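Have a look at the structure below before the remarks.
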There are 2 protein chains.
Amino acid sequence: MDFCVQYGFDKFIYAARIPTSLVSPNYIFINGYPQEWRDHYVEQDYLRIDPTVSHCFSKTTPIYWEHIVNTACKENKNVDKLFAEAGSLGLQNGISFPIHCIHGESAMFSMAVNLSTDKSRDIIKETVALAHLFVTYVHEAVVRVPDNGLVAQVNAQLTSREKECLLWTTEGKTSWEISQILNISERTVVFHINNAVKKLDVVNKQHAVARAISLGHIKPVI
Amino acid sequence: MDFCVQYGFDKFIYAARIPTSLVSPNYIFINGYPQEWRDHYVEQDYLRIDPTVSHCFSKTTPIYWEHIVNTACKENKNVDKLFAEAGSLGLQNGISFPIHCIHGESAMFSMAVNLSTDKSRDIIKETVALAHLFVTYVHEAVVRVPDNGLVAQVNAQLTSREKECLLWTTEGKTSWEISQILNISERTVVFHINNAVKKLDVVNKQHAVARAISLGHIKPVI
DNA sequence: AATCTACCTGTAATATTTGACAGCTTACCC
DNA sequence: GGGTAAGCTGTCAAATATTACAGGTAGATT
């Protein structure tokens with residue numbers, strides 16, 4: 001907030017997507033946008049056409065709104081409408097930063113200025129590098145907040161054996177194969193996997209694999 | 001390369017990890033470090049204790065080597081040895097940047113200066129923001145290179161039905177449940193999943209779920 | 001017309017998973 | 001000593017997945 005004001009920005013928004021599920025992920029917002037705009041945005045389902053969102057969820061580089069205005073807005077009427085309406089509510093120009101984490105959670109941070117494109121170009125250009133660095137610290141801070149939903153999910157405490165069995169499961173090994181790898185009985189492998197499935201609050205192995213990878217319960221061997 | 005020299009850095013290295021498997025991921029390097037150091041690094045298996053590596057694979061913020069020297073090096077003899085040896089080969093001080101992507105591939109970019117900590121502190125502080133931005137563009141460029149292994153794996157072309165069936169599988173749905181969701185026979189769901197398993201070159205559903213998520217074949221619904 | 005791709009469906013044998021039953025050892029902490 | 005957590009093992013029945021057999025339609029392309 002202070003950062004935005006200090007560098008000449010008016011509004012900001014931070015949104016994080018927690019991949020508890022691919023079909024219905026959780027979200028965390030830190031909203032510095034006008035509530036009127038947020039309500040309108042949700043009502044219009046702009047999330048699905050917003051080019052800043054699709055960019056931030058697939059790229060690592062920042063995206064300048066000016067660039068969108070020069071491309072997507074000219075090709076797509078709805079996008080043009082989105083940006084026109086945003087501009088009329090004080091979000092004339094700005095920049096959006098993607099943030100990606102090893103866990104798989106994604107976030108984006110947008111900063112807006114209430115100035116015309118020409119007048120705000122320099123402010124944005126001068127701030128981009130520092131802001132890009134800044135937003136990573138914002139994200140690390142958010143992730144650290146207890147009880148934000150993310151930490152609770154990520155902190156489902158799996159024992160080392162449970163993680164070990166899950167890890168080999170992600171490699172396509174059957175319980176019997178894992179029992180040979182770990183030198184324990186097949187029954188014990190099943191036991192550990194069942195415990196992991198219960199702790200992760202999922203229904204079967206496929207589900208457990210998806211969640212364990214998405215939330216970083218099991219990590220790549222470096 | 002030009003970037004590093006321009007801002008007073010001597011050496012750099014870029015390393016990307018492609019999560020084709022959690023157990024044995026693929027790597028892509030762009031090596032600007034002395035070969036002597038690389039060989040020594042591999043031989044000593046420094047990857048497993050290097051604090052820049054563990055930081056970059058779990059955090060989104062840059063890490064200053066100076067910080068490591070002040071902490072980890074004092075606690076861990078091996079880390080101290082690593083940094084002492086690096087310094088003697090011209091990698092005295094530097095900074096490392098993590099890069100994370102939605103696909104799950106991770107990368108790191110390190111830039112080193114051959115100056116004492118005191119003499120290089122200002123160079124690093126002044127460059128950090130710009131360099132942080134720069135490395136995201138390096139990474140986007142690497143990802144775009146055809147035949148780098150990543151693209152080939154990611155481009156295993158799954159049909160929309162195959163992806164749909166896989167997506168519901170990651171949610172823990174059985175083949176029968178998916179058949180009800182998609183209004184097709186259970187046999188057809190099995191058919192699509194089998195095709196996906198073959199295309200992804202994996203052995204079963206768990207394996208397919210892991211790879212499809214890791215490589216971004218199936219993506220979160222926004 | 002022939003070819004290709006995506007999509008769809010069936011049967012049957014075998015392998016694997018899942019759930020429910022029950023109980024063991026070891027280590028650590030209060 | 002008692003409690004707790006992690007790890008380990010067994011059997012049995014039912015549900016689900018895997019593999020292999022075989023074959024159909026619709027639309028686009030050559």
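Quick caveat: nothing in here was measured; it's all calculated off a predicted structure. Throughout, protein chains are lettered first and strands after them, A, B, ... in sequence-line order, and every chain is numbered starting at 1.
- In terms of the side-chain contact (heavy atoms from CB on, under 4.5 Å) criterion, residue partners of Y46(A) (sequence neighbours excluded) are, by chain and number, W37(A), H40(A), Y41(A), Q44(A), I49(A), K81(A), L82(A), E85(A).
- Within the 3.5 Å criterion, the main-chain N or O of H67(B) finds a donor-acceptor partner in the side chain of T71(B).
- Look at E162(B) and K199(B) and you find a salt bridge, because one of the NZ, NE, NH1 or NH2 atoms lies within 4.0 Å of a carboxylate O, short of that distance.
- OP1 or OP2 of dC7(C) has at least one side-chain nitrogen or oxygen of T159(B) nearer than 4.0 Å.
- I178(B) has its CD1 atom 8 Å from the P atom of dA17(D), to the nearest Å.
- With rounding to whole Å, L158(B) atom CG is found 15 Å from dC7(C) atom C1'.
- Formation of a donor-acceptor pair under 3.5 Å by the H192(A) side chain with backbone atoms of S160(A) is not found in this model.
- Figure legend: R161(A) and F191(A) shown without cation-pi pairing, the cationic atom not lying both under 6.0 angstrom from the six-membered ring centre and within 45 degrees of its axis.
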All N/O pairs under 3.5 Å across the protein-nucleotides 24-30 of chain D interface:
none

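- Rounded to whole Å, the distance from NE2 on H207(B) to C1' on dA17(D) is 17 Å.
- Comment: D45(B) engages R48(B) in a salt bridge, judged by a side-chain N to carboxylate O separation of less than 4.0 angstrom.
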Summarise how protein sits on nucleotides 8-20 of chain C as a single string, 5' to 3': B when a protein heavy atom is under 4.0 Å from the base, S for sugar-phosphate-only contact, - for no contact.
BBBB----SSB-B
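- The residues K59(A) and E140(B) are annotated as not salt-bridged, no charged nitrogen and carboxylate oxygen being separated by less than 4.0 angstrom.
- Panel note: side chain Q206(A), backbone K173(B); no donor-acceptor pair is recorded below 3.5 Å.
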